[in-house]
Every structure is written in structure tokens, then in C-alpha cells.
Amino acid sequence: MGDCTCWVLRSLIICVLFLLQGANGDNPYRFLTWKVTYGDIYPLGVKQQGILINGQFPGPQIDAVTNDNLIISVYNYLKEPFLISW
């Protein structure tokens, strides 16, 4: 009888510890801010005006995995409308 009680008690303690730990997942939301501007680029070693995102050409890398939700705030500082598509 003592062995059975001890086994049940151990199992109960393990279950409680497992439930208290829970799952530690990363936040599924990725928040990005993009500022679209004109700037000088040198794609083939020749200076020309291009469109930059956060001062970069090509634009910034997006680090995301499956099921991440991307929230991208885009601020257009160009003199014309700007369209981004994926």
C-alpha cells in the first residue's frame, strides 16, 4: 500500500510541475517599421537614384517563420504613391 501511495504522489507532483511550466513559445507577431525614401544606389558600380527602405538597398531582411504574423508599418516619403507586394 505504501509503494502505491508513493507512486501516485510522485505522479501527481510531476503532473503539477509540468502544468506549472507551461509552453514557452515566442511571440507570433513581428512588428516592423519601414521608411521608404529616395537615395543613391550603386547596383553596377554606377551611381543612380533608387528607392530605399530604412536607408537600405535592397531592403531589410525579414526574419520570420511559418505562422508568424507580420505587422509592417510603411511610411512613404516619396513624391509619388508606392506599392509593395509579395
Enter the distance from [X]:[atom1] to [Y]:[atom2] here, rounded to the nearest 0.5 Å.
{"X": "Q49", "Y": "I41", "atom1": "CD", "atom2": "CD1", "value": "9.0 Å"}
{"X": "T37", "Y": "Q56", "atom1": "OG1", "atom2": "CD", "value": "10.5 Å"}
{"X": "N76", "Y": "F82", "atom1": "CG", "atom2": "CZ", "value": "7.0 Å"}
{"X": "Y29", "Y": "L70", "atom1": "OH", "atom2": "CG", "value": "11.0 Å"}

Tell me the closest heavy-atom pair linking [X] and [Y], and the distance in Å.
{"X": "K47", "Y": "D40", "value": "CE-OD2, 3.1 Å"}
{"X": "D68", "Y": "R30", "value": "OD2-NE, 3.1 Å"}
{"X": "W34", "Y": "I72", "value": "CD2-CG2, 3.8 Å"}
{"X": "L52", "Y": "G39", "value": "CD1-CA, 3.5 Å"}
{"X": "N54", "Y": "T33", "value": "ND2-O, 3.1 Å"}

- Query: Are V74 and F57 joined in one hydrophobic group, where the rule is that I, L, V, M, F, W and Y side chains link up if heavy atoms are under 4.5 Å apart?
  - Reply: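 Different clusters: V74 never reaches F57 through Ile, Leu, Val, Met, Phe, Trp or Tyr contacts under 4.5 Å.
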- Message: Does atom OH (Y75) have a neighbourhood of more than 12 heavy atoms from anything else shown, all under 6.0 Å?
- Response: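 No - once you tally the heavy atoms of other residues, nucleotides and ligands closer than 6.0 Å, there are 12 at most.
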- Task: Might you work through the side-chain contact (heavy atoms from CB on, under 4.5 Å) test for L78 and Y38, ending with a clear yes or no?
- Result: CA-CA 7 Å; L78 305 178; Y38 291 113; 3.7 Å; yes
